[in-house]
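Have a look at the structure below, then the notes.
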Amino acid sequence: MNFKRPRGTADILPEDQPYWSHVYAAARKIAAQFGYQRIDTPSFEDTKLFQRGVGDATDIVQKEMYSFEDHGGDSITLRPEGTASVCRAYIENGLHNGPQPVRMFYMAPMFRYERPQAGRVRQHHQFGVETIGDGSPEVDAEIIELGWKYISELGIKGFKLRLNNLGDPEGRADYISDLDRYFTERIDQLPKIDQDRLQRAPLRVLDSKVKETQTLADDAPKSVDYIGGETRDHWDALLALLDNLKSVYTEFSYSVDHRLVRGLDYYNRTVFEYEPADAGSQGTLLAGGRYDPLIGILGGQETPGIGFGSGIERMILEMKKQEVRVEQPEGPEIVVVALGDTGSVAAGLAAGLRAADVSTVLAPKRSIKAQMRYANNLGAANVVILGDREVKQGVAQVKSLAEGGGQSEVSLNAESISSFVRSDENQ
RNA sequence: GUGGCCGUAGUGUAGAGGUUAACACGCUAGGUUGUGGCCCUGGAGGCGAGGGUUCAAUUCCCUCCGGCCACCCCA
């Protein structure tokens with residue numbers, strides 16, 4: 001019986017790592033550019049944190065969490081998303097005592113017990129950002145801009161931004177009851193699945209995938225028509241700020257989509273989503289929104305917050321689809337080929353070269369031809385050949401593997417070889 | 001959790017109820033005396049697991065596991 005990786009997990013093999021490096025590098029670069037600092041939180045938390053933070057009624061909490069009792073009898077859950085943990089850390093570590101707002105980002109695996117599908121696995125990785133402690137629309141615009149810049153930096157083209165405003169918890173009741181009434185009056189036109197949805201989560205009927213429902217939803221009451229006062233001002237200001245972005249990022253555009261809702265309970269006001277040009281079924285690349293009630297729900301002082309999460313696997317999927325070129329790692333500068341009884345001399349030389357910061361690999365003990373082939377397959381820049389003859393004379397053959405590369409005899413010590421390899425003579 | 005399609009070497013494919021299960025790429029060993037890429041020859045490596053039908057199953061049936069796709073939901 002052979003072991004297999006658990007369902008819905010993936011081995012990220014060396015050949016795939018260039019994509020991951022590309023994504024991590026872009027995330028770090030853009031985060032730094034916007035003044036975000038990294039935070040790492042534990043991979044597991046008290047189960048209650050997610051029940052409270054994400055929402056007891058959500059599917060994530062209801063059926064997708066990896067929860068277990070540890071040996072001390074505490075209920076522990078593998079993190080299904082990042083925001084709740086970051087907010088917990090903000091409260092627990094008194095980050096409200098520093099300059100506000102606090103800008104943070106994370107890159108970490110998330111765990112959800114789901115049926116694997118295209119773009120959906122049980123362990124996936126997210127790059128996410130959170131800005132806590134400022135409720136002004138400038139911050140909303142900043143987060144949205146950050147998302148735009150990040151996806152662009154990855155080399156993905158043609159992605160779309162949609163946004164909506166869910167209002168505030170107080171004002172939302174009116175909206176939901178009108179929405180409920182609208183659909184209830186047309187319940188015979190709804191497919192079974194959306195009739196059920198209407199009972200469970202009326203908002204979610206809006207983003208149904210059934211065409212008939214979508215048509216109905218187009219004329220349904222719109223959340224943005226129910227916001228007023230400060231929420232209204234916030235929204236208008238945000239749209240103006242986004243319009244300003246168009247003069248900075250020539251490609252930038254957005255659309256207000258009143259059918260956009262989010263699955264997690266903690267969102268209020270601004271919600272947004274980035275998706276690829278030809279979105280598949282699990283297409284969302286990046287999604288987020290404002291969560292002003294969350295810190296309070298988790299026991300902190302009322303503190304506004306906003307952020308997004310983005311799936312790295314989905315980004316890579318899209319990058320591959322669009323054939324985005326990523327930087328391939330370089331092979332070693334030197335592969336040492338040892339013949340006959342020169343093994344220990346070769347190993348010593350390899351160590352000496354590494355000590356001098358020259359990347360060096362010792363070829364396996366095989367025929368010279370096999371060792372040469374090995375060096376070639378590694379993409380090595382040079383090969384250093386040591387035979388009994390060379391060792392006796394205190395020299396080494398240094399050969400460049402570049403097309404038309406030459407071969408020279410260099411004295412057998414790490415200094416001469418490293419400087420020769422890096423000199424112009426070796427071209 | 002529901003539904004559809006599918007599981008043959010590392011990868012991509014071919015195959016038939018009955019001898020040694022094929023091909024390509026990859027890996028590996030050779031192909032003049034100590035020199036990679038191209039070419040030639042050899043070698044290793046496989047029927048997802050467990051039951052059942054049958055004289056005989058990798059092939060037919062069932063279950064499980066896994067993959068892909070869609071729903072649910074979401075990054």
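Within every chain, numbering begins at 1; the chains are lettered A, B, ... in the order of the sequence lines, protein sequences first and strands thereafter. Just so you know, these numbers come straight off a predicted model, no measurement behind them.
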What is the nucleic acid contact for [X], judged by heavy atoms within less than 4.0 Å: base, sugar-phosphate only, or nothing?
{"X": "A/I312", "answer": "nothing"}
{"X": "A/A380", "answer": "nothing"}
{"X": "A/V261", "answer": "nothing"}

Within this structure, what is the [atom1]-to-[atom2] distance between [X] and [N], rounded to whole angstrom?
{"X": "A/H124", "N": "B/rA75", "atom1": "NE2", "atom2": "P", "result": "7 Å"}
{"X": "A/E15", "N": "B/rG10", "atom1": "CD", "atom2": "C1'", "result": "10 Å"}
{"X": "A/R162", "N": "B/rC74", "atom1": "CZ", "atom2": "C1'", "result": "13 Å"}
{"X": "A/M65", "N": "B/rA75", "atom1": "CE", "atom2": "P", "result": "15 Å"}
{"X": "A/E81", "N": "B/rC74", "atom1": "CD", "atom2": "C1'", "result": "11 Å"}
{"X": "A/M372", "N": "B/rG31", "atom1": "CE", "atom2": "C1'", "result": "17 Å"}
{"X": "A/R262", "N": "B/rC74", "atom1": "CZ", "atom2": "C1'", "result": "8 Å"}
{"X": "A/Q195", "N": "B/rC72", "atom1": "CD", "atom2": "P", "result": "15 Å"}

- Task: Check each residue of residues 39-63 of chain A for a non-hydrogen atom within less than 4.0 Å of any atom in RNA chain B, then write out the ones that pass by number, or none.
- Result: A/D59, A/K63

Mind checking what makes side-chain contact (heavy atoms from CB on, under 4.5 Å) contact with [X], not counting sequence neighbours?
{"X": "A/P364", "result": "A/R366, A/Y374"}
{"X": "A/F44", "result": "A/I76, A/L78"}
{"X": "A/L198", "result": "A/D180, A/F183, A/T184, A/I187, A/L190, A/P202, A/V205"}
{"X": "A/E138", "result": "A/S136, A/L241"}

Salt-bridge present ([X], [Y]; N to O < 4.0 Å):
{"X": "A/D278", "Y": "A/K321", "value": "yes"}
{"X": "A/E273", "Y": "A/R262", "value": "yes"}
{"X": "A/K392", "Y": "A/D388", "value": "no"}
{"X": "A/R422", "Y": "A/E333", "value": "yes"}

[atom1]-based separation of [M] from [N] [nearest Å]:
{"N": "B/rC47", "M": "B/rG17", "atom1": "C1'", "answer": "15 Å"}
{"N": "B/rU54", "M": "B/rC72", "atom1": "P", "answer": "46 Å"}
{"N": "B/rG31", "M": "B/rG36", "atom1": "P", "answer": "11 Å"}
{"N": "B/rG15", "M": "B/rA75", "atom1": "C1'", "answer": "42 Å"}
{"N": "B/rG52", "M": "B/rC71", "atom1": "C1'", "answer": "34 Å"}
{"N": "B/rU19", "M": "B/rU32", "atom1": "C1'", "answer": "42 Å"}
{"N": "B/rG48", "M": "B/rU59", "atom1": "C1'", "answer": "15 Å"}
{"N": "B/rA21", "M": "B/rU8", "atom1": "C1'", "answer": "9 Å"}

From the options [options], select the nucleotide whose nearest atom is closest to the side chain of [X].
{"X": "A/K399", "options": "B/rG36, B/rC74, B/rA29", "value": "B/rG36"}
{"X": "A/I193", "options": "B/rG36, B/rC74, B/rC72", "value": "B/rC72"}
{"X": "A/R200", "options": "B/rG30, B/rC73, B/rC74", "value": "B/rC73"}
{"X": "A/R366", "options": "B/rC73, B/rG34, B/rU28", "value": "B/rU28"}
{"X": "A/N377", "options": "B/rC73, B/rU28, B/rG30", "value": "B/rU28"}

Tabulate below the donor-acceptor pairs under 3.5 Å that side-chain atoms of residues 212-220 of chain A make, not counting sequence neighbours, or state none.
unit_1	atom_1	unit_2	atom_2	d
A/T213	OG1	A/D194	OD2	2.5
A/Q214	NE2	A/S208	O	3.0
A/T215	OG1	A/K211	O	3.0

- Query: Do A/Y36 and A/F105 have ring centres separated by under 6.0 Å?
  - Reply: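 Here the rings of A/F105 and A/Y36 have centres that are no less than 6.0 Å from each other.
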
- Message: Please encode protein proximity along nucleotides 63-69 of chain B as a string of B, S and -, counting only heavy-atom distances under 4.0 Å.
- Response: ---SS-S

Between the base of [N] and the side chain of [X], is one N or O donor paired with an acceptor at under 3.5 angstrom?
{"X": "A/R112", "N": "B/rA75", "answer": "yes"}
{"X": "A/E114", "N": "B/rG1", "answer": "no"}
{"X": "A/K369", "N": "B/rG31", "answer": "yes"}
{"X": "A/R314", "N": "B/rC74", "answer": "yes"}
{"X": "A/Q397", "N": "B/rU35", "answer": "no"}
{"X": "A/R373", "N": "B/rG37", "answer": "no"}
{"X": "A/R120", "N": "B/rC73", "answer": "yes"}
{"X": "A/E273", "N": "B/rA75", "answer": "no"}

- Sequence neighbours excluded - side chain to side chain donor-acceptor pair (under 3.5 Å) pairs with any residue from residues 310-319 of chain A: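 Non-adjacent pairs meeting side chain to side chain donor-acceptor pair (under 3.5 Å): A/H125-A/E313, A/E318-A/Q322.
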
Enumerate donor-acceptor pairs with a distance under 3.5 Å from any side-chain N or O in residues 341-353 of chain A to protein atoms, sequence neighbours excluded.
unit_1	atom_1	unit_2	atom_2	d
A/T342	OG1	A/L339	N	3.2
A/T342	OG1	A/L339	O	2.8
A/T342	OG1	A/L386	O	3.3

- Look at A/R389 and B/rG34 and indicate whether a side-chain polar atom (N or O) is within less than 4.0 Å of OP1 or OP2. no

- Item | Residue-phosphate contact under 4.0 Å: A/S367 side-chain N/O, B/rG30 OP1/OP2 |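 It does, given that an N or O in the side chain of A/S367 lies less than 4.0 Å from OP1 or OP2 of B/rG30.
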
Set out, line by line, the N/O atom pairs under 3.5 Å between protein and nucleotides 40-42 of chain B.
none

- Message: A cation-pi test, strictly: NZ or CZ of A/K149 under 6.0 Å from the centre of the six-membered ring of A/F34 and no more than 45 degrees from its axis. Yes or no?
- Response: no

- So, A/T47 side chain and A/S75 main chain: donor-acceptor pair closer than 3.5 Å or not?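 Side chain of A/T47 to backbone of A/S75, a donor-acceptor pair under 3.5 Å: yes, one is there.
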
- Query: With no hydrogens and no angle check, is any side-chain donor or acceptor of A/Q62 less than 3.5 Å from a backbone partner on A/D56?
  - Reply: yes

- Partner set under ring-ring contact (aromatic ring centres under 6.0 Å, His included) for A/Y66, not counting sequence neighbours: A/Y113

- Check each of A/Y274, A/F159, A/F127 against A/Y150 using the ring-ring contact (aromatic ring centres under 6.0 Å, His included) test, and report the only one that passes.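 Answer after filtering A/Y274, A/F159, A/F127: A/F127.
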
- Item | Under the 3.5 Å Watson-Crick or G-U criterion, the dot-bracket string of RNA chain B, with | for inter-strand pairs | (((((((..((((....[...)))).(((((.......)))))....(((((..]....))))))))))))....

